[in-house]
Structure formats: structure tokens, C-alpha cells
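Here is the structure we will look at, set down as C-alpha cells.
Along the sequence shown, the residues carry numbers beginning at 1.
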Amino acid sequence: MGQLIKLQDYVSRYQQDIFVYPSRFVRLKKQQWDKWHKAWESNDSFNPQSGQQYTAGTAEWLEEEKEPLMEKLKGLLKRGKNEELEEYGASGDELKKEEEVLEFEASFAVRPETIENLKHQFLDQLFRFQMKWATSTLTEKSFPDKHYYYDEKLKYFLQRYPDTYLVMSNPIFLLKKAPVETETIVISPTEVWCISFLEEEDSAVFSGSKDRFWTKKGKGEEKKVLNPLLALNRTEKIVRKIFEIHSIELPIKKALLTRNGYIDYPAAPIDVQLIDKRTYDQWFQTMRSQRSPLKHVQLKGAQVLLQYCQTASVKRLEWENRDES
């Protein structure tokens, strides 16, 4: 499952420490899946007659989290943020709240009939957990639009790609004090993909050109659509410029993706991969077959991109109450 490190301009836990949370998520996912799978196979602690809900507990995970969290707070003190922490007080209450945020406890009320159903339920719950990490921190939270919880394209990247893929979904970069929304950015261990979707009804045909508008032919009348390469090229230029400033050496690729239609553009630029119904399966399997672990240059690249992202958030209520008192 890909990791959502940035969604629009929402505050993200990954912005606090990109070198910690990706591996932590991979470990958490494996722990929970092993418990779910084992319980499903043995049917332990599950009684369908009583309607009892089975939950794969997170005791080991929370115990593991306590020490890193304390170290994190100590690190903040060392980095000159002691005044803020002294003001708010890193008390046991805050640590408990942080543990609750970190907690992922998968559960099901009815035992899935097949292993595939089990996987789908598990990934759906993991997706909601990812949304929590991508929209809140210990002291701050954002208020994501509810439609993101049902966004098919967002789920597509998070539920069908390897754990080591870091996803930035339409992040908003702040460049020269001007916000710029971009396309989806996927940071893999070996390269960065800037990806734009071009999808409407099944078997629609998009005729490309260098003009500002393309032509779409499908059901009904022929219509014009904005040239998708404009936003895709802008996204790639932003990523490339930031990488150049910080000397990040990761290949950057561009892909225009339509899973259910066709792209007709014989004179397409050679630096853009046009992936349509004819070539999608091959490209998708290549992406999914990536087995490289998280790499330092990948995390460093994600870190510098996050530094330029705009973030809108508010303090959590419990921290606001401390301010008032």
C-alpha cells in the first residue's frame, strides 16, 4: 500500500520526520496484517453467533511507539523548541493522545468469507488510517473534505502500489509566495513519477496536440478538454527545480494515464509516457513489481519537496485550551 505523505495543503505527520514514519508504517502494516491473517485462518476470538467484533490489538505497536515518541520530544528540546514544549507541557495526557493517533487497530464484525475479502477490508481500514496520518500531527490538525475518503483515484495509488511508494496527491507548492497546485507525485525508491489522469467514459479517444485544448471523442458530441500536458509539465518543472537546488539525484518521469480510454497523439513529446487502455496493464505490473526498499535519496527527495509545500492547519483543541489557560 502506497503511503500518503501529502494531500493538498493539509498538515501531514510525514512533514515532521520523513525518515521515521515511512518505515514505521511498513512495520505497522505487517504486524497488523499478520494478526488479521492468523486470526482469520484459525477463527480465534471470533464468534459470529454472539455478534462479537474481533480486533487485532496494537499492544506491541504502542509499546514500541512510546520510546521513539519520548526521544522525539527530547529532540525538539535540543532543536530550540523547548519554549513551546514547556508552554504546552509534554505530559502523559499528550503522550496518550499521540499514541491514539498512532494506533491502527483493524477490526471486523463479520468474518470475511475469502482471503480476498479480508484483504479488501484490511486495506479499506488502512486507507482511513493513512488519511489520519496525512491530515494531523500531535499538535495540529486539518479538516479534509469528506470526498477524499471515497476518492477512487486516491485509493488507486494507495491500495495498489508497494509500501515503499510515497504519494503526494495534488500538493500545493508555495513558490515565491504564490501557491501552485500540481498533479500527483509518486516518489519510488528509484525514481519520481509525475502523473496526470485523463479519464471520462469507457473507450473515449483523446486526440492530442500542442494546442491549449485537446479533442475528446466518445459518447455524445465531440468536445474539447484542456491540454493535460500543461499541468503535467508544470509539475515536473517544479520537482526538477527543487531537486536541482538541493542536489537530489533521482530520475523524474512524466506519465499521462487513462485506464479506460485511448490517446491519439503521434507527435507526442518523447519525455512523456502516454499510457492508455492498450499499454496500461504492462506499465501497471512494472510499477507493482518494484521490490526495492526505502532509500535515503528517496526520503531526502520527499523531504525537500515537503519543505516547499503549503500547509493549512489549526491547533488541536486540547492545545488551544492550554493557550487560553
Side-chain angles (χ1 to χ4, degrees), residues 2-25 69 72-73 75-77 79-85 87-88 90 94 97-98 100-102 127-149 151 153-154 157-158 165-187 192 194-195 231 234-243 245-246 248 298-323:
Q3 300 189 51
L4 182 59
I5 66 172
K6 188 65 177 179
L7 175 61
Q8 285 271 304
D9 61 349
Y10 302 134
V11 65
S12 167
R13 188 171 299 275
Y14 290 89
Q15 287 177 277
Q16 291 187 323
D17 198 335
I18 191 64
F19 291 95
V20 169
Y21 285 104
S23 58
R24 185 174 292 179
F25 172 82
L69 180 59
K72 180 173 130 184
L73 293 172
L76 290 176
L77 285 169
R79 290 198 294 268
K81 296 186 178 181
N82 53 311
E83 292 182 2
E84 179 181 355
L85 287 173
E87 178 184 356
Y88 293 130
E94 278 68 51
K97 291 181 185 298
E98 172 71 355
E100 290 173 355
V101 173
L102 288 167
F127 173 74
R128 291 192 289 272
F129 175 75
Q130 272 275 281
M131 288 293 294
K132 180 184 291 185
W133 268 22
T135 59
S136 66
T137 67
L138 170 62
T139 60
E140 299 174 279
K141 67 184 301 182
S142 299
F143 299 93
D145 192 298
K146 290 183 179 179
H147 88 271
Y148 285 114
Y149 289 90
D151 190 313
K153 292 184 178 68
L154 183 57
F157 283 112
L158 298 185
Y165 278 41
L166 309 179
V167 179
M168 304 178 73
S169 179
N170 300 116
I172 299 176
F173 288 90
L174 199 58
L175 306 171
K176 297 181 180 180
K177 298 183 179 181
V180 181
E181 182 174 343
T182 61
E183 301 297 283
T184 298
I185 300 170
V186 179
I187 310 166
V192 176
C194 301
I195 301 176
R234 181 170 63 246
T235 301
E236 186 265 346
K237 287 179 181 177
I238 290 173
V239 174
R240 188 173 300 279
K241 183 62 176 179
I242 293 175
F243 279 8
I245 292 173
H246 295 274
I248 302 296
Q298 173 195 16
L299 299 176
K300 187 64 179 177
Q303 182 186 51
V304 298
L305 290 177
L306 288 172
Q307 288 176 0
Y308 287 83
C309 286
Q310 179 172 284
T311 297
S313 63
V314 299
K315 287 182 181 177
R316 290 178 176 273
L317 181 59
E318 58 269 23
W319 297 85
E320 289 286 0
N321 292 339
R322 285 183 175 272
D323 284 345

For Val239 and Cys194, what are the C-alpha separation, side-chain angles and deciding distance, and is it a side-chain contact (heavy atoms from CB on, under 4.5 Å)?
CA-CA 9 Å; Val239 174; Cys194 301; 4.2 Å; yes
Criterion side-chain contact (heavy atoms from CB on, under 4.5 Å) on Lys241 and Tyr308, from CA distance to verdict
CA-CA 11 Å; Lys241 183 62 176 179; Tyr308 287 83; over 6 Å; no
Carefully, step by step, assess Leu306 and Met168 under the rule side-chain contact (heavy atoms from CB on, under 4.5 Å).
CA-CA 9 Å; Leu306 288 172; Met168 304 178 73; 4.0 Å; yes
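Here the straight-line distance linking atom CD of Gln310 with atom CG of Leu175 works out to 10.0 Å at 0.5 Å rounding. The structure places NZ of Lys300 at 4.5 Å from CD of Gln303, a figure rounded to the nearest 0.5 Å. To the nearest 0.5 Å, the span separating CD on Gln130 from OG1 on Thr135 amounts to 10.5 Å. To the nearest 0.5 Å, the span separating CD1 on Ile172 from CG on Asp9 amounts to 4.0 Å. We find the NZ-OG1 distance between Lys132 and Thr137 to be 13.0 Å, quoted to the nearest 0.5 Å.
For Phe173 against Cys309, the heavy-atom pair with the smallest separation is CE2-SG, 3.9 Å. Heavy-atom minimum distance, Tyr148 versus Leu154: O-CD2, 3.8 Å. The two atoms that bring Lys6 and Thr311 nearest to each other are NZ-OG1, 2.9 Å, heavy atoms only. Taking all atoms of both residues into account, the shortest heavy-atom contact from Val11 to Ser142 is N-OG, 2.9 Å.
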Kindly list each side-chain donor-acceptor pair under 3.5 angstrom involving residues 177-185, sequence neighbours excluded, with atom names and distances?
residue	atom	partner	partner atom	Å
Glu181	OE2	Gln8	NE2	3.1
Thr182	OG1	Pro171	O	3.1
Glu183	OE1	Ser196	OG	2.8

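Using bins of under 30°, 30° to 60° and over 60° for the plane-to-plane angle, the ring pair Phe25/Phe129 lands in the parallel bin.
Residues satisfying the side chain to side chain donor-acceptor pair (under 3.5 Å) criterion with Gln298, sequence neighbours excluded, are absent altogether. Partners of Tyr149 under the side chain to side chain contact (heavy atoms under 4.5 Å, CB included) rule, at least two apart in sequence or in another chain, are Arg128, Met131, Pro144. Qualifying salt bridge (charged side-chain N to carboxylate O under 4.0 Å, His left out) partners for Arg234, counting only residues two or more places apart in sequence or in other chains: none. By the side chain to side chain contact (heavy atoms under 4.5 Å, CB included) test, Ala302 pairs with Ile5, Ile18, Leu166, Ile187, sequence neighbours left out. Applying the side chain to side chain contact (heavy atoms under 4.5 Å, CB included) criterion to Lys153, with sequence neighbours excluded, gives Asp151, Phe197, Glu199, Arg259.
With Tyr21 as the aromatic partner, Arg24 meets the cation-pi criteria of under 6.0 angstrom to the ring centre and within 45 degrees of the ring axis.
Each of Tyr14, Trp133, Tyr165 was checked for a side-chain hydrogen bond (donor to acceptor under 3.5 Å, both in side chains) with Gln3, and the lone residue meeting it is Tyr14.
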